[in-house]
Student: 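Got a structure for you, written out below as structure tokens; questions coming shortly.
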There are 2 protein chains.
Amino acid sequence: MTRSADCRELKAMAGRLGALSHPARIAILQHLAGVEACCCKEVVQQLDLAQSTVSQHLKVLVDAGLVRHTPESRRSRYEVDRKELAALGASLNGLLVTCCTAPEAASAD
Amino acid sequence: MTRSADCRELKAMAGRLGALSHPARIAILQHLAGVEACCCKEVVQQLDLAQSTVSQHLKVLVDAGLVRHTPESRRSRYEVDRKELAALGASLNGLLVTCCTAPEAASAD
DNA sequence: ATCGTATATCGCCGATATACGATGAATGGT
DNA sequence: ACCATTCATCGTATATCGGCGATATACGAT
């Protein structure tokens, strides 16, 4: 039941990790974590990237479900989804534990 | 001293996560974790990919330092580098803990 | 020497990612 | 009404990815 249905999970996990596999996005995430919430411009001032580029990166993070987006009146409100982030951490941790366990315990000898 | 020198670390972390951000590579890692070590052909038979493609994915994993490669006489020996994998896990965990902590506790220290 | 097997690499392509400037929409201030 | 600010999106250019077949390399067996 595990091995076959894992395909979806693999893709999901890969997708989320993909969202984290860019230094700018990690930096954005770190900045968002440091402040309660902030707008796009604030992130632009932190990183040395064009506003459109930052907007794209934010979109990637939002699409991956790691950041929440609340379009407010004038400025957009971005904030880390700490719950989702923790879930990803747990998920990856599970994978790593599996992969760090010696095969003796897992294989049928 | 942390915020400025983090750039390198960000890239390193992003690179490693990038190596994991593909379902085929996660699957390869899982398979490698299940057996003590194996050759390329064995991985090819597990996944439904061409041999050259698998070889590429293995190369990515090796370049990222997550898999060790020992070219033996005839078949190649691939095995998970469990230590490196654990280190990556710890590293990411640190990032996530930082990002999952409310800003009140992390702001002015 | 030749053949078969296992592997790595090359060349190629379509697709995707990354970055930018420009543009337009929405809003707040004057 | 007008302008400045903020933002998302579009269009474009470039780079990288992901996959495959074909080929080169290495080696054991015959």
Side-chain angles (χ1 to χ4, degrees), chain A residues 7-8 10-29 31-32 35-80, chain B residues 7 10-32 35-80:
Chain A
C7 182
R8 252 154 302 222
L10 283 192
K11 279 189 199 166
M13 164 105 69
R16 283 160 91 120
L17 292 179
L20 283 183
S21 70
H22 193 288
R25 287 196 288 268
I26 299 182
I28 291 177
L29 215 59
H31 177 73
L32 286 184
V35 298
E36 185 213 349
C38 77
C39 62
C40 178
K41 188 200 173 193
E42 195 180 310
V43 180
V44 171
Q45 287 164 340
Q46 290 289 324
L47 316 187
D48 202 35
L49 289 173
Q51 177 264 327
S52 54
T53 305
V54 171
S55 191
Q56 295 277 21
H57 281 309
L58 282 169
K59 183 173 162 54
V60 172
L61 288 171
V62 169
D63 286 347
L66 304 179
V67 167
R68 266 192 310 267
H69 179 214
T70 314
E72 270 179 18
S73 64
R74 192 167 172 184
R75 50 195 78 217
S76 255
R77 176 189 181 85
Y78 288 97
E79 53 185 328
V80 187
Chain B
C7 182
L10 284 192
K11 280 188 198 164
M13 166 101 71
R16 281 154 97 112
L17 292 180
L20 282 184
S21 71
H22 192 289
R25 287 197 288 268
I26 299 182
I28 290 178
L29 215 60
Q30 284 181 327
H31 177 71
L32 286 184
V35 299
E36 186 211 350
C38 76
C39 61
C40 178
K41 188 198 172 193
E42 194 180 310
V43 181
V44 171
Q45 288 165 338
Q46 290 288 326
L47 315 188
D48 201 34
L49 289 172
Q51 178 266 327
S52 55
T53 304
V54 171
S55 191
Q56 295 276 21
H57 282 308
L58 282 169
K59 183 173 163 55
V60 171
L61 289 171
V62 169
D63 287 346
L66 305 180
V67 166
R68 267 193 309 269
H69 179 210
T70 314
E72 272 180 16
S73 65
R74 194 164 172 188
R75 52 194 74 215
S76 254
R77 176 189 181 86
Y78 288 98
E79 53 184 327
V80 187

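Proteins come first, then strands; the chains are lettered A, B, ... in the order of their sequence lines, and each starts at number 1. All heavy atoms count here, side chains included; hydrogens, waters and symmetry mates do not.
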Student: Counting heavy atoms from C-beta on, name the nucleotide in C:dA19, D:dG18, D:dT9 closest to the side chain of A:His57.
Tutor: C:dA19

Student: Minimum heavy-atom separation for B:Leu29 and B:Val80, please, with both atom names.
Tutor: O-CG2, 3.9 Å

Student: How does DNA chain D look in dot-bracket form if you count Watson-Crick and G-U pairs under 3.5 Å, write [ ] for pairs that cross, and put | where a base pairs with another strand?
Tutor: ||||||||||||||||||||||||||||||

Student: Side chains of B:Val67 and B:Ile28, heavy atoms from C-beta outward: is any pair under 4.5 Å?
Tutor: no

Student: Is any side-chain heavy atom of A:Leu58 less than 4.5 Å from a side-chain heavy atom of A:His69?
Tutor: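 Side chain of A:Leu58 against side chain of A:His69, heavy atoms only: no contact under 4.5 Å found.
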
Student: How do A:Ser21 and B:Lys41 order along DNA chain C: which one's closest nucleotide is nearer the 5' end?
Tutor: B:Lys41

Student: Take the protein atom CD of B:Gln45 and the nucleotide atom P of C:dT5, then report the distance between them rounded to whole Å.
Tutor: 13 Å

Student: Is a side-chain donor or acceptor of A:Arg25 paired with a backbone partner of A:Ala19 at a separation under 3.5 angstrom?
Tutor: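 At least one qualifying donor-acceptor pair exists.
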
Student: Determine yes or no for a side-chain-to-main-chain donor-acceptor pair under 3.5 angstrom, with A:Ser55 supplying the side chain and A:Ser52 the backbone.
Tutor: no

Student: If you pin B:Cys40 and B:Gln56 to their nearest nucleotides in DNA chain C, which one's is more 5'?
Tutor: B:Cys40

Student: Which pairs, protein N/O on one side and nucleotides 23-30 of chain C N/O on the other, fall under 3.5 Å?
Tutor:
unit_1, atom_1, unit_2, atom_2, d
C:dG28, O4', A:Arg74, NH1, 3.1

Student: Does B:Ser76 make a side-chain N or O approach to OP1 or OP2 of C:dA8 shorter than 4.0 Å?
Tutor: yes

Student: Give the rounded distance in Å between these two atoms: CG of B:Leu17 and P of D:dC17.
Tutor: 15 Å

Student: Measure across A:Tyr78 and A:Val62 and return the closest heavy-atom pair with its distance rounded to 0.1 Å.
Tutor: CE2-CG2, 3.9 Å

Student: Please state how far atom CG in B:Leu47 lies from atom C1' in D:dC20, giving the value in whole angstrom units.
Tutor: 15 Å

Student: Please pick, from D:dC7, D:dG21, C:dC20, the nucleotide with the shortest atom-to-atom distance to any side-chain atom of B:Ser52.
Tutor: D:dG21

Student: If you look at every strand shown and take non-hydrogen atoms under 4.0 Å, does A:Arg77 touch a base, only sugar-phosphate, or nothing?
Tutor: nothing

Student: Among D:dC20, C:dG21, C:dT7, find the nucleotide with the atom closest to the side chain of B:Arg75.
Tutor: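 For the B:Arg75 side chain, the nearest candidate turns out to be C:dT7.
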
Student: I need the CG-C1' distance between B:Leu49 and D:dC17, as an integer number of Å.
Tutor: 14 Å

Student: Is there a side-chain contact between A:Ser55 and the phosphate of D:dA8, meaning an N or O under 4.0 Å from OP1 or OP2?
Tutor: yes

Student: With a 4.5 Å heavy-atom cut-off, do A:His57 and A:Thr53 have their side chains touching?
Tutor: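 Contact flag for A:His57/A:Thr53 side chains = yes.
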
Student: Could you check whether A:Thr53 gets within reach of a base, just the sugar-phosphate, or nothing at all, counting any heavy atom under 4.0 Å?
Tutor: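 Here A:Thr53 touches the bases of the nucleic acid.
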
Student: Could you check how far NE2 of B:His22 sits from C1' of D:dG18, rounded to whole Å?
Tutor: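 Nearest whole value for this atom pair: 6 Å.
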
Student: Looking at every non-hydrogen atom in both residues, tell me the closest pair between A:Glu79 and A:Glu36 and how far apart they are.
Tutor: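 In this case the closest contact between A:Glu79 and A:Glu36 is CB-O, 3.7 Å.
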
Student: For B:Tyr78 and C:dA6, is the shortest distance between a side-chain N/O and OP1 or OP2 below 4.0 Å?
Tutor: no

Student: Heavy atoms, side chains only, cut-off 4.5 Å: are A:Glu42 and A:Val35 in contact?
Tutor: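 They are in contact (side-chain heavy atoms under 4.5 Å apart), so the answer is yes.
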
